[in-house]
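Whatever order the structure lists them in is the order used to number ligands and atoms, beginning at 1. For clarity, every value in this text was computed on a predicted model and none was experimentally measured.
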Amino acid sequence: MKVDKEIFQIAIDGTASSGKNTAAKRLARKFGFLFLDTGSLYRGITVWFMRENVDLGSGDAVADALCKMDLRVRCQTGATLIFLGEEDITDSLHDLDVCEYVFKVASVPEVRVKVREIQHKTAEAETLICIGRDITHVVFPGAKFKFYLTASAKVRAKWRLGMVRENNSEATLEQVRTMIEKRDYADKTREISPLRIVKGAVVVDATRLSPYQVVKKMEAIIVKKLCREG
Ligand code: C5P
């Protein structure tokens with residue numbers, strides 16, 4: 001499917017819990033873009049697959065579940081909402097069981113094809129800031145601005161623990177860190193569309209930066225490039 005490269009503008013890839021979400025929402029507000037968190041799409045499919053007890057090892061079962069699935073995405077400036085039919089499942093996307101299973105679902109080729117279809121369709125209609133793992137090199141390789149966001153595993157685990165605790169989970173820092181590292185490893189080493197730093201992407205290491213500093217840094221890069229282009 002053809003994607004209008006002029007419509008799609010900012011692509012951000014990066015490791016798990018590296019602050020992509022916070023940075024992208026702030027940039028979306030700043031530049032008036034809509035926010036597409038592609039991890040939410042994989043998480044939404046994971047919720048569906050868990051409900052349907054889909055055997056990931058069976059191509060037929062996966063194809064059947066994807067065919068029956070009615071996944072809908074609504075991009076806003078400050079959020080990506082995910083629906084199964086009319087049901088808003090956004091709040092359950094970060095449940096621990098979803099976090100533990102999503103990278104397995106995301107490594108199924110048919111799932112990635114389906115998500116790419118949704119991403120391209122969404123980008124045809126909207127000006128997006130899009131975050132994920134393969135956005136800069138597979139989904140929107142022609143994006144005007146490309147970033148790779150990361151931070152140390154220790155710092156990311158602390159950030160994620162805050163979110164996990166909001167959901168009343170008893171998870172410890174060590175458990176969260178292990179889960180993050182496991183997810184990074186799976187995302188970087190999988191055969192299809194692994195997470196990587198693409199040529200031309202600006203790497204932002206947020207280990208010693210506040211969310212505000214991260215956004216300011218990215219914003220400065222965007223504005224500088226826009227000014228250069230006149
Ligand atoms: O970004 P988030 O942590 O919500 O992503 C959840 C998982 O979805 C990732 O660990 C990865 O396995 C998968 N994902 C992906 N490609 C993307 C976005 C997310 O494989 N573009």
Step through the shown structure and confirm whether more than 12 heavy atoms of other residues, nucleotides or ligands are within 6.0 Å of CZ on R29.
yes
Salt bridge or not for K68 and E52, using N-O below 4.0 Å?
yes
Check against side chain to side chain contact (heavy atoms under 4.5 Å, CB included), V111 and F49
CA-CA 11 Å; V111 169; F49 276 19; 3.9 Å; yes
So, applying salt bridge (charged side-chain N to carboxylate O under 4.0 Å, His left out) with R133, which one of D37, D187, D184, D13 is it?
D187
Heavy-atom cut-off of under 4.0 Å around ligand 1: list whichever protein residues fall inside it, by chain and number.
T38, G39, Y42, R43, V102, F103, A106, R112, G132, R133, D134, I135, R183, D187, R190
Answer yes if the side chains of T207 and D205 hold a donor-acceptor pair under 3.5 Å, and no otherwise.
yes
Identify whether NZ of Lys or CZ of Arg in K182 sits under 6.0 Å from the centre of the six-membered ring of F103 and within 45° of that ring's axis.
no
